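Worksheet for the structure shown next.
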Amino acid sequence: MINLADNAKKHLDNYLQQVRTYLRGCKTVDADEVERNVIEHIESEFESATAAVSFEELDIVLQRLGSPRQWVPEEEISWWRKIIFRLRTGPEDWRLAYISFGLLIAGFIILPSFVVLIPASFIVARAALSETEDPGQLKAQRWLIYPSLIIVYLVSLCFFLGLPLLGLIPLAYDLEHTIRATYKIGDDTPYWLAVCSVFAGSLGLWWLIHGIVFLARPNIPKVLFRPFAGWFSRKWAFVLLLIGLGLMIPSLGLGIWYVL
Amino acid sequence: MENRFFDNWSTQLRKGMLELCILNAIRGTSLYGYDIVRKLRNIRGLVISEGTIYPILSRLKREGFVQTTIKESTEGPPRKYYELTSKGEKILSEMNGYWQDIKTGTDALKREEKS
């Protein structure tokens with residue numbers, strides 16, 4: 001038995017773990033026998049060592065042995081084991097991408113749990129996105145992480161843009177009656193004018209406020225909707241502000257006309 | 001692009017050649033795993049990652065082309081020695097013949113090119 005330094009021992013344990021991981025399930029190879037051979041190989045390399053083998057010395061031998069991943073012919077690895085390998089030993093961005101996609105699929109299959117699984121998938125996808133400095137560097141991973149991002153972003157965008165409507169639609173009927181009673185408006189005036197005026201006005205005000213906020217802080221949408229809002233700039237914040245104003249002015253006019 | 005093509009080609013070639021060389025290395029003798037690696041290490045370009053040899057040995061054993069015997073060692077714990085079985089000797093003879101045919105054919109093609 002060779003004498004290894006502590007970090008070298010840990011390094012060897014990790015390596016042997018990889019050997020077992022990659023060779024387990026490979027029908028043509030006896031994983032235990034290969035592991036014993038690898039240990040014998042390392043012992044033979046350091047047969048004449050007088051002091052404890054250092055991490056660096058061991059690493060040279062392990063480099064020459066190569067990654068156990070290369071030892072198994074590709075055709076002997078089943079598709080599900082390839083996914084597991086990626087999850088267990090692949091780079092972090094790949095691992096997170098697979099987990100994100102897995103959670104999304106599980107969310108669709110186990111329907112009641114989608115309320116929890118889709119947000120979880122989104123969080124993992126954002127974590128995977130954080131792993132890469134430039135989202136443009138993402139290659140095939142984007143197919144795994146973009147679906148949950150797109151779903152959550154679209155829902156968030158609809159919610160964000162239409163929040164005043166969500167609040168006002170249930171109140172529309174009562175609102176119209178209140179306006180009609182307050183200003184003593186006759187039944188001949190179409191009620192939808194009042195409702196449209198309130199809806200458009202509140203939407204306009206909502207977008208105007210956001211236009212102003214984004215004009216001051218154009219990075220907010222970029223960060224919130226990463227990586228799809230990289231194009232957002234003050235110009236687009238100004239457009240949002242103008243649309244808000246554009247909705248508010250006619251709705252205000254419509255409201256005044258309705259009351260008068 | 002050319003490098004990638006060469007890498008793919010040499011990887012394919014090595015796969016089959018390694019088995020042939022391992023069997024030839026233990027022909028008429030018995031060697032333990034590390035000794036086989038040391039022998040093959042000397043063939044330039046054949047062994048890129050030395051660990052590849054061990055799963056091949058295990059595969060050859062499962063196929064019944066090699067067998068192992070445990071022998072005491074003066075330098076440490078008992079070692080496992082690999083040797084050819086009669087089935088292994090037969091397949092090796094076929095493989096060597098096949099390889100010789102290919103090599104002869106390839107050499108002939110190269111000579112034709114020159115003339």
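Throughout, protein chains are lettered first and strands after them, A, B, ... in sequence-line order, and every chain is numbered starting at 1. Since the structure is predicted, the reported quantities are computational estimates derived from the model, not experimental observations.
- A:E33 and B:S58 share a donor-acceptor pair across their side chains, judged by distance under 3.5 Å alone.
- Contacts of B:T11 with chain A are absent, with no heavy-atom separation under 4.5 Å from either backbone or side chain.
- Of the two parts of B:R41, only the side chain, counted from C-beta on, holds a non-hydrogen atom closer than 4.5 Å to a non-hydrogen atom of chain A.
- Of the listed residues (B:E63, B:K15, B:E50), the one with the most heavy-atom contacts under 4.5 Å to chain A is B:E50.
- Of the atoms belonging to A:E40, it is side-chain heavy atoms, and not backbone ones, that fall under 4.5 Å from chain B.
- Interface remark: A:Q63 contributes no atoms to any contact with chain B (heavy atom separation under 4.5 Å).
- Options B:L60, B:D35, B:V37 differ in how many heavy-atom pairs under 4.5 Å they form with chain A, and the most are formed by B:V37.
- For the pair A:K222 and A:F232, the cation-pi test (distance below 6.0 Å, angle within 45°) is failed.
- Ranked by heavy-atom pairs shorter than 4.5 Å toward chain A, the options B:S49, B:P55, B:G51 are led by B:G51.
- The cationic group of B:K71 lies under 6.0 Å from the six-membered ring centre of B:Y81 and within 45° of the ring axis, placing it in a cation-pi geometry.
- The pair B:D107-B:R111 fails the salt-bridge criterion, with no side-chain N (NZ, NE, NH1 or NH2) lying under 4.0 Å from an Asp/Glu carboxylate O.
- Using a 4.5 Å cut-off between heavy atoms, B:R62 touches chain A through its side chain atoms alone.
- Without hydrogens or angle criteria, A:Y153 side chain to A:R226 main chain gives a donor-acceptor distance under 3.5 Å.
- Under a 4.0 Å N-O distance rule, the pair A:D6/A:K9 does not qualify as a salt bridge.
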